[in-house]
Amino acid sequence: MNSTMKFAKRRLMVGLAGVLFSAYGHSPFAGEEKTIEEYIEEARPYLHLSCQGAWDASGENPDEYVAIMNRFVSIAFINHDFDIRRIYEAPEADQDELSVLFYNEIGRRCNDNPQRLLSGVVERSLEFALNEMKNKSD
């Protein structure tokens, strides 16, 4: 991962619940909820991209890179039948911790192998972060 991509990773430290709600459509302020097919169609053009490929496709724009990742987060929640309200209802400190775990894990996995498919990295990173938070609360 190049230094620009590493810098972008630092800029990705946004509130995960806000990102996920905007991607998944369950925000109390969101408009009409999308169908599963619509989420899949939005992600389809990016499914073949590696971590580095997605960074290149984003034009090295951190906001666009996050937007590409958000498409995969939505699919991961659908794949695992996860209720996004559980994150929204968690204390803000837990949401922040989840966000840090999630984005740090994406960064670690992409750093280890920039040619990994970003969709898989996002899904595994989300599973990792959610499991870490669950283990913490047990």
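Please read all numbers here as calculations on a predicted model, not as lab measurements.
Residues satisfying the side chain to side chain donor-acceptor pair (under 3.5 Å) test with E127, not counting sequence neighbours, are H80. By the side-chain contact (heavy atoms from CB on, under 4.5 Å) test, L117 pairs with S119, sequence neighbours left out. Contacts of E37 classified as side-chain contact (heavy atoms from CB on, under 4.5 Å), with partners at least two apart in sequence or in another chain: T35. With sequence neighbours left out, the side chain to side chain donor-acceptor pair (under 3.5 Å) criterion links E132 to no other residue. Partners of K136 under the salt bridge (Lys or Arg N to Asp or Glu O under 4.0 Å) rule, at least two apart in sequence or in another chain, are D94, E97. R124 meets the side chain to side chain donor-acceptor pair (under 3.5 Å) test with no other residue; sequence neighbours excluded. For S50, the side-chain contact (heavy atoms from CB on, under 4.5 Å) criterion is met by Q52, Q115, not counting sequence neighbours. Applying the side-chain contact (heavy atoms from CB on, under 4.5 Å) criterion to A57, with sequence neighbours excluded, gives L49.
Contact detail for A43 and F72: the closest heavy-atom pair is O-CE2, 4.2 Å. Taking both residues in full, the closest heavy atoms of Y65 and C51 are given as OH-O, 3.4 Å, listed atom of the first, atom of the second, then distance.
Considering SG of C110 and CD of E105, their distance stands at 10.0 Å, rounded to 0.5 Å. Distance CD/E41 to CZ/R44: 4.0 Å, rounded to 0.5 Å. Within the model, atoms CG of N79 and CD1 of I40 stand 8.0 Å from one another, a figure rounded to the nearest 0.5 Å. Annotation: the span from N70 atom CG to E64 atom CD amounts to 10.0 Å, rounded to 0.5 Å.
The side-chain heavy atoms of L126 and F77, taken from C-beta on, include a pair separated by under 4.5 Å. The shortest side-chain heavy-atom distance between E60 and W55 falls under the 4.5 Å cut-off. With a 4.5 Å cut-off on side-chain heavy atoms, Y46 and L118 do not count as touching.
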Pair F102-L130, side chain to side chain contact (heavy atoms under 4.5 Å, CB included): steps then yes or no: CA-CA 8 Å; F102 175 63; L130 291 169; over 6 Å; no
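Residues in residues 114-123 take part in no salt bridge (charged side-chain N to carboxylate O under 4.0 Å, His left out) pair, two or more places apart or across chains.
When atom types are taken as modelled, the side chain of S125 and the backbone of V122 share no donor-acceptor pair closer than 3.5 angstrom.
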